[in-house]
Amino acid sequence: MKRRVTEEIEKGLGREVVLERPKEKKFGHYATPIAFSLAKELRKSPILIADELAKSFEENPLFEEVQAVKGYVNFRLSEEFLDSYATWVLKNEGEFGRQQMGEHIHLEFVSANPTGPLHIGHARGAVVGEALARLGRHLGNMVLKEYYINDAGNQIYLLGLSIYLTGRQLLGFDVQFPDEYYRGDYIGELAREAIEEFGEDAFGEESLIESLSEWGKERLMELIRSDLKRVGIQFDRFVSEKELYERWEEVLAILVERDAVYEKEGKLWLRSTLYGDEKDRVIVREDGRPTYLAGDIIYHFTKFEEGFDRYINIWGADHHGYIARVKAAIKFLGFDPDRLEVILAQMVSLLKGGEPLKMSKRAGNFILMREVVDEIGEDALKFIFLSKKSDTHLEFDVDILKREDSSNPVYYINYAHARINSLMEKSGRSPETLGDVPLIGLNDDAKDLLFNALLLPEIIEDAFIRREIQRLTDYLKALAAQFHSFYNRYRVLGSESEEQYLKLFLVVALSIRVGLGLLGIEAKKKM
RNA sequence: GUCCCGGUAGCUCAGCAGGAUAGAGCGUCGGAUUCCUAAUCCGAAGGUCGUGGGUUCAAGUCCCGCCCGGGACACCA
């Protein structure tokens, strides 16, 4: 809709125009401050320029009214235009808000270490990534969702060790736990399972640790997958860091050839400072073991080799220092680091009764994603996370969220959808019979509602391009509010405008359904 | 010390590549149900937009300094 209007205005003016939505209804549907910038070039008052511009659009059938107010040019769309768009949308539901952007996008997210179940911090990245993928696909992009499994480092050994020691403790041995080991209920559970699996005798031998590491990793990946499934997220591909090392020699050879590395103090360093990093980074230790960065270098090499148009990584904010070195590595490998975009998911802090809850995997007192899902439901969880920009801190109190389910925006939005569904049933009409009812001669409230319901496509485009999904959640809340208000003010069934209102509501319901769907939430028909 | 995120109503946050009188939800107060789902609606109170400069027709919005809060600064992942 906005695109259509922008085209029309640009055609008339012969230059690029910024269209915005005025804060107040009285200024119409769209407005442009173009006269202010023209004023400088033409050395004329913006007010005069705006007047002239407004006149030139007076006869355009797209608009009902074009007005110049204090230098702004305000456009009000014609009923005919809105009606024809609404009619088209209802007949082509699947096409609502679709585009053909056509980019191949590689999206890596979650990628939590397989050393514990997903906690609430991971959930944020998971939810944001999933929604981004859905939006991207709706807009006609190919999106590959990938999970990078960090299964090669010391942590996996620690996992095995933790299960081993806990198992020994369960069997009555006197056990000394080192500082660096994983705690938490799940370790105990795994240890019990492991005793069943491997037998009590095996816990007499330290050689068991290696098998426990591998076994524990597999068990935890299953757990993570089922946690993700719980909130409707499935990945297209899982990549194992360990397996990537098969290509380490190959990648290293490229780095050597490009003079991207040097030896010092018996270690191998990447010259990442050449491309903006603060310092050079070790990629191979003195004892020959590659560092974590090495895995990421191979990983990005294999990704870029596949030739996607764009790569998006969703990382925890604590990884932000990592961006520079990974981009440097990409550059050294001969690829364009600008194709990599990193979205940082900031910390989630949970309060309980006003008291902060600290999360630490090792301490074992972190809040699990599935615990929160059990408490508030997957839809509420998604909505909360998607309501805030991912790169800002998010704080919420579990107790309040548990208590105030009626203030949950998901209920509010769903309620609007359910009400419409209920009206449709009561009216005994079908969407097909309403399709051709002309939405002409509506009152102002109905016109406003129609316009806003038709706004969805530009909202999702905006939300995707800017990677700011909260624009969509805000929009849905506002649309639902406008609907509820309308509903309370106007009687629908039995009124003269029954058919028109129902058709209008079908558009509203469609926007809600499509919008929620893109957030991974299914709109409810009944509540 | 360096880097990142933030500082807008009592609380949680919006504020759209600078634009027309700073918004929403929750909370508080006061109303609405013989009638389509009151899980709703209507109304009120509540803000020197952390602070000091600068840029311009126009600054929560952009630039610089400072203050406060959180996080990151590994040869751990």
Side-chain angles (χ1 to χ4, degrees), chain A residues 18 20-24 26-27 31-33 36-37 39-40 45-46 69-72 74 111-113 115 150-156 158 180 241 265-269 278-279 281-287 289-296 316-324 344 346-347 349 354 361 384 387-389 391-397 400 404-412 414-416 418-427 458-459 462-463 466 468 470-471 473-475 477-478 480-481 483-495 498 501-502 526-527:
Chain A
V18 176
E20 51 190 46
R21 283 199 301 281
K23 287 181 194 138
E24 285 194 59
K26 68 174 177 185
F27 294 131
T32 178
F36 293 99
S37 34
K40 238 184 207 162
S45 138
V69 181
K70 290 196 288 186
Y72 284 85
N74 300 328
S111 297
N113 297 338
T115 54
N150 294 124
D151 54 1
N154 187 45
Q155 47 171 349
I156 296 295
L158 277 177
E180 290 269 308
E241 180 187 7
E265 300 158 7
K267 304 154 209 170
L268 195 65
W269 299 71
E278 290 172 353
K279 43 186 160 185
R281 309 289 172 175
V282 173
I283 54 175
V284 181
R285 302 174 179 94
E286 256 173 298
D287 61 9
R289 283 156 52 228
T291 64
Y292 176 70
L293 180 58
D296 246 330
D318 54 341
H319 284 63
H320 98 262
Y322 235 81
I323 301 173
L344 295 178
Q346 279 286 350
M347 299 221 353
S349 359
K361 218 178 244 199
I384 290 161
S387 300
K388 267 199 84 170
K389 273 183 268 190
D391 66 348
T392 65
H393 301 264
L394 173 62
E395 179 180 278
F396 65 90
D397 194 310
I400 290 177
E404 300 184 327
D405 59 339
S406 65
S407 66
N408 188 327
V410 182
Y411 285 97
Y412 186 76
N414 267 323
Y415 188 36
R419 270 182 157 173
I420 293 171
N421 194 62
S422 159
L423 279 182
M424 281 301 295
E425 277 184 8
K426 284 218 161 80
S427 75
E458 52 210 75
I459 301 293
D462 215 34
R466 305 169 89 106
E468 291 186 1
Q470 87 279 359
R471 290 168 191 275
T473 55
D474 286 350
Y475 166 77
K477 278 190 274 188
F483 166 78
H484 285 308
S485 176
F486 189 95
Y487 179 91
N488 274 275
R489 187 160 173 188
Y490 298 96
R491 172 82 199 179
V492 174
L493 298 183
S495 83
E498 177 175 320
Y501 287 167
L502 286 174
K526 276 207 160 44
M527 293 183 71

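By convention in this document, chain letters (A, B, ...) are assigned in the order of the sequence lines, proteins followed by strands, and residues within each chain are numbered from 1.
Along RNA chain B, the nucleotide closest to A:Asp462 and the one closest to A:Arg419 are compared, and the more 5′ of them pairs with A:Asp462. Both A:Lys426 and A:Asn74 lie close to RNA chain B; mapped to their nearest nucleotides by heavy-atom distance, the more 5′-ward contact belongs to A:Asn74.
Within the shown strands, B:A72 is the pairing partner of B:U2 under the Watson-Crick or G-U definition, both distances less than 3.5 Å. Across all strands shown, B:G46 has no partner, as no Watson-Crick or G-U wobble contact with both distances under 3.5 Å is found. Base pairing annotation: B:C13 forms a Watson-Crick or G-U wobble pair with B:G23, both donor-acceptor distances under 3.5 Å. With a cut-off of 3.5 Å on both Watson-Crick or G-U wobble distances, the partner of B:A32 is given as B:U40. The pairing partner recorded for B:G52 is B:C64, the criterion being a Watson-Crick or G-U wobble arrangement whose two distances lie under 3.5 angstrom.
Counting only heavy atoms from C-beta outward, the side chains of A:Lys426 and A:Leu423 never approach each other to under 4.5 Å. Using a 4.5 Å heavy-atom threshold, the side chains of A:Tyr501 and A:Ser495 count as touching. The closest side-chain heavy-atom distance from A:Leu394 to A:Ile384 is below 4.5 Å.
Candidate nucleotides B:C36, B:A39, B:U21 were compared by shortest atom distance to the side chain of A:Met527, and B:A39 ranks first. In this structure, the nucleotide among B:C36, B:U40, B:A20 sitting nearest to the side chain of A:Ser422 is B:C36. Out of B:U40, B:G15, B:A77, the shortest distance to the side chain of A:Asn488 is found at B:U40. Ranking B:A20, B:A77, B:C57 by closeness to the A:His319 side chain, first place goes to B:A77. In this structure, of B:A74, B:C4, B:C13, it is B:C4 that holds the atom nearest to the side chain of A:Leu344. Candidate nucleotides B:C36, B:G15, B:G6 were compared by shortest atom distance to the side chain of A:Leu493, and B:C36 ranks first. When each of B:C42, B:A72, B:U40 is scored by its nearest atom to the side-chain atoms of A:His320, the top-ranked nucleotide is B:A72. Of the candidate nucleotides B:C36, B:A14, B:A77, B:A14 has the atom lying nearest to any side-chain atom of A:Lys388. In the set B:A72, B:A74, B:A20, B:A72 carries the atom at the smallest distance from any side-chain atom of A:Asp318. Considering only the side chain of A:Arg491, B:C35 comes nearest among B:C35, B:G15, B:A39.
Under a cutoff of 6.0 Å and an axis angle of 45°, A:Arg419 and A:Tyr487 form a cation-pi pair.
With rounding to whole Å, A:Leu394 atom CG is found 17 Å from B:G70 atom P. Going from atom CD of A:Glu278 over to atom P of B:C3 covers 8 Å, rounded to whole Å. Whole-Å rounding puts the A:Arg21 CZ to B:A14 P distance at 18 Å. To the nearest angstrom, P of B:A39 lies 14 Å from CG of A:Asn414. Atoms OH (A:Tyr475) and C1' (B:C13) sit 21 Å apart, rounded to a whole Å. For the pair A:His393 NE2 and B:C13 C1', the interatomic distance rounds to 14 Å; values are reported in whole Å. What separates CZ of A:Phe486 from P of B:C36 is a distance of 17 Å, to the nearest Å. Atom pair A:Asp296:CG and B:A74:P shows a separation of 17 Å (rounding to whole Å applied).
Remark: the separation of the C1' atoms in B:C64 and B:A45 is 39 Å, to the nearest Å. Annotation: B:C41 and B:G46 have their P atoms spaced 23 Å apart (nearest Å). B:G23 and B:G47 are spaced 14 Å apart, taking the P atom of each and rounding to whole Å. Nucleotides B:U8 and B:U51, compared at atom P, are 10 Å apart to the nearest Å. The C1' atoms of B:U33 and B:C42 are separated by 13 Å, rounded to the nearest whole Å. Using C1' as the reference atom, B:C63 and B:G18 are 13 Å apart when rounded to the nearest Å. Comparing the P positions of B:U56 and B:C49 gives a spacing of 22 Å, expressed to the nearest Å. The gap from the C1' atom of B:A24 to that of B:A32 amounts to 22 Å, rounded to the nearest Å.
Counting non-hydrogen atoms under 4.0 angstrom, A:Ala152 reaches nothing in the nucleic acid. When heavy atoms are screened at a 4.0 angstrom cut-off, A:Tyr322 is found touching base atoms of the nucleic acid. In this structure, A:Arg489 reaches neither bases nor backbone, as no heavy-atom distance under 4.0 Å exists between it and the strands shown. Here A:Tyr490 lies in heavy-atom contact (under 4.0 Å) with a base. Nucleic acid contact for A:Ala416: none, since no nucleic acid atom lies under 4.0 Å from a heavy atom of the residue. Residue A:Lys526 is classed as a base contact, given a heavy-atom separation below 4.0 Å to a base.
Without hydrogens or angle criteria, A:Gln155 side chain to A:Asn150 main chain gives a donor-acceptor distance under 3.5 Å. A distance-only check finds a donor-acceptor pair linking the side chain of A:Arg491 to the backbone of A:Leu493 [under 3.5 Å]. Remark: the backbone N or O of A:His484 is paired with a side-chain donor or acceptor of A:Asn488 at under 3.5 angstrom. A distance-only check finds a donor-acceptor pair linking the side chain of A:Lys388 to the backbone of A:His393 [under 3.5 Å]. A donor-acceptor pair under 3.5 Å is formed between the side chain of A:Asp151 and the backbone N or O of A:Glu241.
Close to B:C35, at under 4.0 Å from its OP1 or OP2, lies no side-chain N or O of A:Tyr487. Between A:Ser387 and B:C13 there is no side-chain N or O to OP1 or OP2 distance below 4.0 Å. Side-chain N/O atoms of A:Gln346 include none lying less than 4.0 angstrom from OP1 or OP2 on B:A72. Of the side-chain N and O atoms in A:Lys389, one or more sit less than 4.0 angstrom from OP1 or OP2 of B:G15.
Put simply, the side chain of A:His484 and the base of B:C41 share no donor and acceptor less than 3.5 Å apart.
Its glycosidic angle being within 90° of 0, B:G60 falls on the syn side.
Evaluation of A:Phe27 against the base of B:A20 yields a stacking contact (centre distance < 5.5 Å, interplanar angle < 30°).
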